[in-house]
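Notes follow once the structure below has been shown.
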Amino acid sequence: MSVFFKRQPKIAFGSQEEVTAYWKREGAHRLSREQIEDMLRLMIDDVTFRITTDFFAGRLGAALGGRLLDAGCGWGRSLFGLKRRFPDLRVTGVDVTPELLDLGRQLMEKLGVSGVEWKEGNLLKLDFPDGSFDGVISTRVLHYILEPAAAVRELVRVTRPGGRLVVMVPNRWNPLLRLRYHTRVYSPRDLAGWFRSAGARVIESGSVGFIPPFRFLRKFSGLALIDRALRRIPLVRGAGGLAVCVAEKSA
């Protein structure tokens with residue numbers, strides 16, 4: 001949580017190499033056995049993790065019975081949540097950092113998960129034919145890219161007509177993140193604009209994650225109910241920690 005309490009220069013990347021170099025410096029892939037076990041425990045009973053998984057599961061529709069792309073998957077946090085709930089789901093995780101993909105493979109083995117393909121790739125130029133996936137998810141990724149709208153066009157391209165896309169990024173309308181986050185932050189309206197420009201139909205835009213993910217709160221089961229309730233209140237529903245957009249590729 002230290003990212004919320006100190007002002008940092010805003011970062012964004014224009015190339016695959018810059019992203020990979022950043023995550024290598026951050027050392028997210030160099031975790032001890034104890035740290036990996038801690039991550040696995042959080043994935044089982046972390047309520048903040050369940051909130052985003054619930055959101056994806058409730059909006060992907062028929063895509064959950066087909067082929068799903070996790071765009072910018074990192075070590076697989078989002079896709080593991082969905083795989084635990086939908087074991088037969090076929091998922092391709094794409095990321096620019098090989099070390100994070102290797103960590104994902106390790107975690108997949110520890111969790112006993114199958115049906116996940118890990119691929120190195122650039123979201124601005126995905127190595128898949130048009131309409132390859134029934135659905136696409138992306139969590140906390142597009143804000144690292146200098147041209148997020150271009151990445152959205154590519155995500156729409158690889159989605160089949162009628163397929164669903166669900167994207168989350170740090171929310172500009174959240175006062176804490178707007179002041180302190182280390183990258184550019186975007187609003188639900190920004191996300192909706194990117195999808196409309198890419199020719200997709202926006203089904204829903206808003207936010208999730210209204211309570212900061214402090215570790216001491218992560219096992220409080222009531223957090224999910226609070227989050228769901230705040231999403232229904234007009235004056236605050238756009239101010240959660242993550243801006244979200246649900247879109248459908250036009251037939």
Side-chain angles (χ1 to χ4, degrees), residues 1-8 37-61 63-64 68 70 72-86 89 111 135-144 164-192 195 202-247:
M1 292 296 295
S2 62
V3 67
F4 294 125
F5 299 111
K6 61 182 180 181
R7 188 174 296 277
Q8 303 180 66
E37 293 297 330
D38 190 43
M39 286 170 61
L40 294 175
R41 284 192 295 272
L42 279 176
M43 287 170 61
I44 292 170
D45 57 13
D46 180 354
V47 178
T48 62
F49 174 52
R50 194 175 76 219
I51 287 169
T52 55
T53 301
D54 287 347
F55 191 89
F56 285 133
R59 286 153 179 85
L60 284 167
L64 292 170
L68 185 71
D70 186 349
C73 64
W75 52 264
R77 177 182 171 97
S78 295
L79 70 84
F80 282 135
L82 287 170
K83 281 292 294 183
R84 289 181 65 238
R85 196 166 301 184
F86 305 97
L89 181 66
L111 289 168
V136 175
I137 62 172
S138 183
T139 314
R140 299 177 181 268
V141 176
L142 297 181
H143 55 298
Y144 285 108
R164 287 281 180 95
L165 304 97
V166 187
V167 169
M168 301 182 178
V169 298
N171 186 9
R172 184 181 179 187
W173 290 350
N174 181 284
L176 192 59
L177 293 180
R178 182 169 185 165
L179 289 172
R180 296 294 185 183
Y181 207 71
H182 65 292
T183 70
R184 296 177 182 178
V185 286
Y186 298 97
S187 70
R189 185 177 298 168
D190 292 327
L191 270 67
F195 278 104
V202 173
I203 296 171
E204 177 182 353
S205 66
S207 66
V208 298
F210 290 85
I211 310 299
F214 293 110
R215 195 178 186 88
F216 69 89
L217 286 174
R218 287 181 167 184
K219 294 186 179 182
F220 173 48
S221 60
L223 200 63
L225 295 175
I226 294 170
D227 201 86
R228 199 174 301 123
L230 289 173
R231 277 184 240 155
R232 297 190 179 102
I233 301 175
L235 291 177
V236 299
R237 65 186 178 192
L242 290 173
V244 299
C245 186
V246 183

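Just so it is clear, the model here is predicted, and its values are computed rather than measured. Nothing fancy with the numbering, it's 1 onward along the sequence.
Atom CD1 of Ile203 sits about 9.0 Å away from atom CG of Leu165, to the nearest 0.5 Å. A distance of 8.5 Å separates CD1 in Ile51 from CZ in Arg228, rounded to the nearest 0.5 Å. One distance of note links CZ of Phe49 with OG of Ser78; it measures 7.0 Å at 0.5 Å rounding. To the nearest 0.5 Å, the span separating CZ on Arg84 from CZ on Arg50 amounts to 10.5 Å. Atoms CG and CZ, on Leu64 and Arg59 in that order, are 12.0 Å from each other to the nearest 0.5 Å.
Two residues are said to be in side-chain contact when any heavy atoms from C-beta on lie closer than 4.5 Å; Val167 and Leu142 meet this criterion. Looking only at side-chain heavy atoms (C-beta outward), Trp173 and Ser207 stay at 4.5 Å or farther from each other. Proximity of Arg85 to Thr53: side-chain heavy atoms (C-beta onward) are separated by under 4.5 Å at one or more points. Using a 4.5 Å cut-off on side-chain heavy atoms (C-beta onward), Asn171 and Tyr186 make no contact. Between Val136 and Leu68 the shortest side-chain heavy-atom distance does not fall below 4.5 Å. Here the side chains of Val244 and Val166 are not in contact, with every heavy-atom distance at 4.5 Å or above. Ile137 is not listed as a side-chain neighbour of Met168, based on a closest heavy-atom distance of 4.5 Å or more. No side-chain heavy atom of Leu230 sits under 4.5 Å from any side-chain heavy atom of Arg237.
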Inset, instruction - Assess whether side-chain contact (heavy atoms from CB on, under 4.5 Å) is satisfied between Cys245 and Val202, documenting all intermediate values. - result: CA-CA 7 Å; Cys245 186; Val202 173; 4.0 Å; yes
Legend entry - Derivation of the side-chain contact (heavy atoms from CB on, under 4.5 Å) call for Val246 and Phe55: CA-CA 10 Å; Val246 183; Phe55 191 89; 3.9 Å; yes
Inset, instruction - Could you go through the side-chain contact (heavy atoms from CB on, under 4.5 Å) check for Val169 and Arg140 one step at a time? - result: CA-CA 5 Å; Val169 298; Arg140 299 177 181 268; over 6 Å; no
Inset, instruction - For the pair Phe210 and Ile226, evaluate side-chain contact (heavy atoms from CB on, under 4.5 Å) and give the outcome as yes or no after the intermediate values. - result: CA-CA 8 Å; Phe210 290 85; Ile226 294 170; 5.9 Å; no
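For the pair Pro188 and Ser205, the tightest heavy-atom approach, listed with the atom from each and the gap, is O-CB, 4.0 Å. Nearest heavy atom pair, residue Trp75 against residue Phe80, reads O-CE1, 3.3 Å.
With respect to the salt-bridge test (charged N to carboxylate O, under 4.0 angstrom), the residues Asp70 and Lys83 do not qualify.
Between the side chain of Asp190 and the backbone N or O of Ser187, at least one donor-acceptor pair lies under 3.5 Å.
The local environment of CZ in Arg189 is sparse, with at most 12 non-hydrogen atoms from other residues, nucleotides or ligands closer than 6.0 Å.
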